[in-house]
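Worksheet: one structure, shown below.
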Amino acid sequence: MGAGLFITFEGIDGSGKSTQARLLAEHLRATGRAVHLTREPGGSTGAEDIRALVLQGDPDRWSPETELLLFTAARRDHLEKTISPRVAAGDIVISDRFVDSTRIYQGITRSQLRAEVDQLHALMIGREADLTFLIDMDPETGLSRAKGRGGAEERFEDFGLSLQQASRQGFLNLADEFPDRIVVIDGNRPQEAVSADIAAHMDRVLG
Ligand code: ADP
Ligand code: TYD
């Protein structure tokens, strides 16, 4: 079987990544493609265990350096157990977040560790997505949507609005840095308009 495709969704909390990843998976499955929907942190048994460590509890629970190591450990397990085997089998793997989130949160907004993020990525992961949809979103709306979900995984939302604002700008700068891979999608619209945009782009890529 030929190699599949690895697609990621990125953006601030509450921007609609999970919703749009699911809708893109439905769109592609309707055209007969084998699709595996996954997420970070998580996406494999070991990585889901690490997810609970990083997303729950006190905002000060981990330093940015420790967080970087935990997110990268989770990503390595996700890559080994889920992403690489499925892409090799010909599936389209869609991940809700990947290394761009680490470049922004641990690299820029939580701390200035961008060089360490890239070094660790080159050393232990060594793979970028084939295509990334960045859902751009007003930070206040995003934060209120994310908070509206409730639940225990609020450690990052608890860093507040200023982190969301800086993260949004960071993601837009990243899109300028990787123009061939990252497509910016306006998320400040009804979800059907956003998903139609993404599906149209995907159909063009797949020919
Ligand atoms: P993320 O994965 O980026 O945090 P979600 O997809 O979980 O975002 O969306 C956060 C919340 O906002 C959910 O309750 C979802 O139903 C809602 N939502 C998603 N997209 C839109 C949209 N375009 N307009 C209004 N609400 C939305
Ligand atoms: P996620 O569950 O995707 O949150 P949301 O659905 O609200 O967008 O991710 C949880 C948090 O983890 C999010 O605030 C960003 C953070 N995160 C990092 O800081 N670094 C990373 O490498 C990843 C993957 C996520």
Side-chain angles (χ1 to χ4, degrees), residues 8-26 37-44 47-48 50-57 59 61-79 83 94-111 113-114 116-118 120-121 124-125 129 132-168 170-171 174 185-198:
T8 59
F9 278 82
E10 296 282 2
I12 59 172
D13 296 316
S15 55
K17 297 178 301 299
S18 320
T19 306
Q20 294 303 328
R22 181 175 47 78
L23 292 173
L24 178 62
E26 285 170 12
L37 190 55
T38 185
R39 69 168 180 183
E40 289 206 351
S44 61
E48 288 288 334
I50 297 174
R51 177 182 177 96
L53 292 175
V54 281
L55 296 194
Q56 297 182 23
R61 182 176 184 186
W62 308 110
S63 72
E65 289 79 3
T66 311
E67 255 176 38
L68 168 58
L69 293 167
L70 288 169
F71 279 115
T72 307
R75 181 161 305 128
R76 175 73 200 201
D77 194 62
H78 187 206
L79 187 73
I83 299 170
I94 302 176
S95 184
D96 180 352
R97 294 195 187 278
F98 193 62
V99 63
D100 292 329
S101 286
T102 321
R103 289 188 172 115
I104 298 309
Y105 293 93
Q106 285 67 47
I108 296 176
T109 54
R110 286 267 291 128
S111 192
L113 293 171
R114 175 65 196 274
E116 287 84 350
V117 171
D118 285 335
L120 204 52
H121 184 72
M124 298 313 292
I125 310 294
T132 298
F133 290 106
L134 167 58
I135 308 194
D136 182 47
M137 172 88 232
D138 165 57
E140 259 177 272
T141 315
L143 193 57
S144 72
R145 281 188 195 168
K147 285 264 181 199
R149 274 185 315 222
E153 295 182 342
E154 300 237 324
R155 189 171 157 255
F156 275 80
E157 277 89 341
D158 288 346
F159 287 116
L161 183 61
S162 62
L163 181 118
Q164 298 285 330
Q165 284 164 332
S167 301
R168 182 207 197 169
F171 276 120
L174 211 56
I185 301 286
D186 177 9
N188 300 285
R189 297 175 292 165
Q191 69 180 44
E192 297 74 22
V194 180
S195 64
D197 231 9
I198 292 170

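Atoms within each ligand, like the ligands themselves, are counted from 1 in listed order.
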Quiz item: Near Gln106, which atoms of ligand 2 are under 4.0 Å from a heavy atom of that residue?
Solution: 18 (C), 19 (O), 20 (N), 21 (C), 22 (O)
Quiz item: Taking the non-hydrogen atoms of Arg110, is any one of them nearer than 4.0 angstrom to ligand 2?
Solution: no
Practice problem: Answer with side chain, backbone, both or neither: which part of Val99 has a heavy atom less than 4.0 angstrom from an atom of ligand 2? | Solution: neither
Quiz item: Is there side-chain contact between Ile104 and Glu10, with heavy atoms separated by less than 4.5 Å?
Solution: no
Practice problem: Look at ligand 1 and say whether Gly14 reaches it with a heavy atom at a distance under 4.0 Å. | Solution: yes
Exercise. Would you check the N or O atoms of Asp13, main chain and side chain alike, for any that come under 3.5 Å of an N or O of ligand 2?
Key: yes
Quiz item: So which of Arg97, Arg189, Glu192 gets nearest to atom 23 (N) of ligand 1, if we judge by its closest heavy atom?
Solution: Arg189
Practice problem: Would you check whether Gln191 has a nitrogen or oxygen atom less than 3.5 angstrom from a nitrogen or oxygen atom of ligand 1? | Solution: yes
Quiz item: Can you tell which part of Lys17 has a heavy atom less than 4.0 Å from ligand 2: side chain, backbone, both or neither?
Solution: side chain
Practice problem: Taking all non-hydrogen atoms of both residues into account, name the closest pair between Ile135 and Ser15 and its distance. | Solution: CG2-O, 3.3 Å
Quiz prompt | Any side-chain heavy-atom pair of Phe71 and Gln106 under 4.5 Å | solution = yes
Quiz prompt | Heavy-atom side-chain contact between Arg189 and Asp197 under 4.5 Å | solution = yes
Quiz item: Which bit of Pro190 gets closer than 4.0 Å to ligand 1, counting heavy atoms only: side chain, backbone, both or neither?
Solution: backbone
Exercise. Please say whether Thr102 places an N or O atom under 3.5 Å from an N or O atom belonging to ligand 2.
Key: yes
Quiz prompt | Enumerated ligand 2 atoms positioned under 4.0 Å from heavy atoms of Arg75 | solution = 22 (O), 24 (C)
Exercise. First locate atom NZ of Lys17, then atom CD1 of Ile185, and finally report the distance between them rounded to the nearest 0.5 Å.
Key: 14.0 Å
Exercise. May I ask you to test the Ser18-Arg39 pair for a side-chain heavy-atom distance under 4.5 Å?
Key: no
Quiz prompt | Short N or O distance, Ser15 and ligand 1, threshold 3.5 Å exclusive | solution = yes
Exercise. Considering only non-hydrogen protein atoms, determine which one is nearest to atom 8 (O) of ligand 1 and report residue, atom name and distance to 0.1 Å.
Key: Gly16 N, 3.1 Å
Quiz prompt | Option nearest atom 26 (N) of ligand 1 (shortest heavy-atom distance, choices Lys17, Arg22, Arg145) | solution = Arg145
Self-check item: Side-chain heavy atoms of Leu37 within contact of Ile94, under 4.5 Å
Solution: yes
Exercise. Kindly indicate whether the side chain of Ile198, heavy atoms from C-beta on, has any atom under 4.5 Å from the side chain of Leu23.
Key: no
Quiz item: Looking at atom 2 (O) of ligand 1, what's its closest protein heavy atom, distance included?
Solution: Ser18 OG, 2.4 Å
Exercise. Could you check atom 13 (C) of ligand 1 against the protein and tell me its nearest heavy-atom contact, residue, atom and distance included?
Key: Arg149 CG, 4.6 Å
Quiz item: Would one find an N or O of Arg51, backbone or side chain, under 3.5 Å from an N or O of ligand 2?
Solution: yes
Quiz item: In this structure, are over 12 heavy atoms from other groups packed under 6.0 Å from Glu140 atom CD?
Solution: no
Quiz item: What's the shortest distance from atom 16 (O) of ligand 1 to any protein heavy atom, and which residue and atom give it?
Solution: Thr19 OG1, 4.4 Å
Quiz item: Do His121 and Thr72 come within less than 4.5 Å of each other through their side chains, counting heavy atoms only?
Solution: no
Quiz item: Atom CZ of Arg103 and atom CG of Leu68: how far apart are they, to the nearest 0.5 Å?
Solution: 11.5 Å
Quiz prompt | Shortest reach to atom 12 (O) of ligand 2 by a heavy atom, considering only Ile135, Val54, Leu55, Ile12 | solution = Leu55
Exercise. Answer with side chain, backbone, both or neither: which part of Arg39 has a heavy atom less than 4.0 angstrom from an atom of ligand 2?
Key: neither
Practice problem: Mind checking the CG-CZ spacing from Asp136 to Phe171? Nearest 0.5 Å is all I need. | Solution: 10.5 Å
